[in-house]
Amino acid sequence: MREIELKFKVDNLDSFIEKLRSLGCEISEYINQADTIYVENLKNTESVEGSVWLRVRKVNDKIEMNYKKQSAKKSESQEIEFGVDDYEKANSFLKALGYNEWVRVNKKRRYSKCLNANICIDEVERLGSFVEIEYLIDENDKTIDYEEELLKIAEKLGIDTSNQVNSHYDTMISELED
């Protein structure tokens, strides 16, 4: 699968949520996500084509592992995700493979599906509030400009598209620590 995602800094989540509700979109309850991000080389964490990040995520009481590989477009990545049983063993496994813990990201997230897109409403510790709008599509689907479609959806949802963020939460937190 290919993930195509646009992220926006949002100053007023309440008005954004009102807009979603006015369009008839349901919004999930909060879930807590605690991510530990791993990279091969701590001296080279730049997001460029071919960059790989591995993640162990605790979602309330479930644990997931994730592989993300950056494509040429900043808004796209190849993604593989699956559940695992043990948080500590998952972290130990990645360390045993030679990956290094880079950064931890803690957030409260709510989900919505609106205008045929997946919406993530995030309150990220140390960073603030964000909205991610995304499509998960087949690897070979090149039929339309999905990034342009996501921008149109953002505008329909009342998001100021000049607040688009082209960085990952892990990168933003890492920059705070530098």
Side-chain angles (χ1 to χ4, degrees), residues 1-33 35 37 45-55 57 59 64-82 103 105-176:
M1 291 298 276
R2 259 186 343 165
E3 176 187 65
I4 302 173
E5 166 188 293
L6 297 182
K7 182 184 306 166
F8 302 91
K9 180 88 166 118
V10 176
D11 295 323
N12 189 336
L13 276 184
D14 291 335
S15 62
F16 175 74
I17 289 168
E18 279 300 313
K19 181 66 173 178
L20 284 176
R21 288 189 173 129
S22 75
L23 292 169
C25 303
E26 292 186 24
I27 301 162
S28 74
E29 295 295 319
Y30 281 107
I31 60 167
N32 293 306
Q33 293 183 337
D35 296 350
I37 312 298
T45 59
E46 188 178 354
S47 179
V48 296
E49 183 177 6
S51 298
V52 171
W53 298 270
L54 303 176
R55 175 183 72 207
R57 171 176 281 170
V59 182
E64 302 169 345
M65 288 187 72
N66 175 283
Y67 163 92
K68 231 179 210 187
K69 184 175 183 179
Q70 184 65 50
S71 74
K73 288 178 124 181
K74 280 284 192 193
S75 63
E76 291 185 32
S77 61
Q78 178 188 11
E79 186 168 330
I80 302 168
E81 190 169 88
F82 55 93
V103 69
V105 179
N106 295 304
K107 66 181 166 285
K108 292 188 327 186
R109 173 170 274 182
R110 290 179 278 179
Y111 291 100
S112 184
K113 179 103 173 158
C114 195
L115 304 172
N116 297 316
N118 298 319
I119 313 281
C120 298
I121 305 161
D122 294 335
E123 295 175 45
V124 184
E125 191 175 285
R126 300 175 61 197
L127 297 177
S129 301
F130 298 84
V131 171
E132 295 179 356
I133 306 171
E134 68 180 27
Y135 286 129
L136 289 175
I137 62 169
D138 183 85
E139 283 292 324
N140 302 312
D141 185 348
K142 310 271 191 229
T143 56
I144 63 172
D145 183 343
Y146 287 101
E147 206 169 311
E148 187 61 37
E149 291 299 310
L150 292 173
L151 279 171
K152 289 177 188 173
I153 289 171
E155 289 171 355
K156 287 179 186 175
L157 295 175
I159 294 174
D160 180 352
T161 56
S162 69
N163 287 337
Q164 185 173 345
V165 176
N166 291 316
S167 188
H168 303 283
Y169 297 138
D170 48 22
T171 302
M172 291 188 283
I173 288 175
S174 175
E175 289 170 353
L176 290 175

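In this text, all values refer to a predicted model and were calculated from it rather than measured experimentally.
Side-chain contact between Arg21 and Ile27 is present, with at least one heavy-atom pair separated by less than 4.5 Å. Between Asn163 and Val165, every side-chain heavy-atom pair lies at or beyond the 4.5 Å cut-off. The side-chain heavy atoms of His168 and Gln70, taken from C-beta on, include a pair separated by under 4.5 Å. Taking the side chain as every heavy atom from C-beta outward, Leu13 and Val131 approach each other to under 4.5 Å. The shortest distance between side-chain heavy atoms of Cys114 and Leu157 falls below 4.5 Å. Residues Phe8 and Thr161 have side chains in contact (heavy-atom distance under 4.5 Å, counting atoms from C-beta outward). At a threshold of 4.5 Å between non-hydrogen side-chain atoms, the residues Lys113 and Asn118 count as touching. With a 4.5 Å cut-off on side-chain heavy atoms, Lys19 and Ile159 do not count as touching.
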* What's the verdict on side-chain contact (heavy atoms from CB on, under 4.5 Å) for Leu151 and Gln164, showing C-alpha distance, side-chain angles and the deciding distance? -> CA-CA 9 Å; Leu151 279 171; Gln164 185 173 345; 3.7 Å; yes

Take Glu81 and Arg55 through the side-chain contact (heavy atoms from CB on, under 4.5 Å) test and state the conclusion after the steps. CA-CA 9 Å; Glu81 190 169 88; Arg55 175 183 72 207; 2.7 Å; yes

Practice item. Could you please spell out the steps behind the side-chain contact (heavy atoms from CB on, under 4.5 Å) verdict for Arg109 and Glu132? Key: CA-CA 10 Å; Arg109 173 170 274 182; Glu132 295 179 356; 3.3 Å; yes

Task: Residues Ile121, Val10; criterion side-chain contact (heavy atoms from CB on, under 4.5 Å); working and verdict - done: CA-CA 9 Å; Ile121 305 161; Val10 176; over 6 Å; no

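Of the inter-residue distances, the one linking Asp122 atom CG with Arg110 atom CZ reads 10.0 Å to the nearest 0.5 angstrom. Interatomic distance, CG of Asn66 versus CD of Glu79, reported as 4.5 Å (0.5 Å rounding). Distance CD/Glu147 to CD/Glu5: 11.0 Å, rounded to 0.5 Å. Atom CG of Asp170 sits about 5.0 Å away from atom CD1 of Ile37, to the nearest 0.5 Å. The CG atom of Asn166 lies 9.0 Å from the NZ atom of Lys7; values are rounded to the nearest 0.5 Å. Atoms CG and CD1, on Leu6 and Ile153 in that order, are 9.5 Å from each other to the nearest 0.5 Å.
Smallest separation of non-hydrogen atoms from Leu115 and Tyr135: O-OH, 4.5 Å. Closest of all the heavy-atom pairs between Leu23 and Lys156 is CD1-O, 4.5 Å. Closest non-hydrogen pair, Cys120 versus Tyr111, comes out as SG-CE2, 3.7 Å. Scanning all heavy atoms of the two residues, the minimum distance from Lys9 to Leu127 falls at NZ-O, 3.0 Å. Taking every heavy atom of both residues into account, Leu54 and Tyr67 meet most closely at CD2-CD1, 3.7 Å.
With respect to Glu149 and Lys152, a salt bridge is recorded, a charged nitrogen being found less than 4.0 Å from a carboxylate O.
Ser112 places a side-chain N or O within donor-acceptor distance of the main-chain N or O of Glu26, the cut-off being under 3.5 Å.
Partner of Tyr30 under the side chain to side chain donor-acceptor pair (under 3.5 Å) criterion, out of Lys108, Glu123, Lys107: Glu123 alone.
Within a 6.0 Å radius of CG in Asn116, other residues, nucleotides and ligands contribute 12 heavy atoms or fewer.
Checked by atom type, the side-chain pair Asp35/Tyr169 shows no donor-acceptor distance below 3.5 Å.
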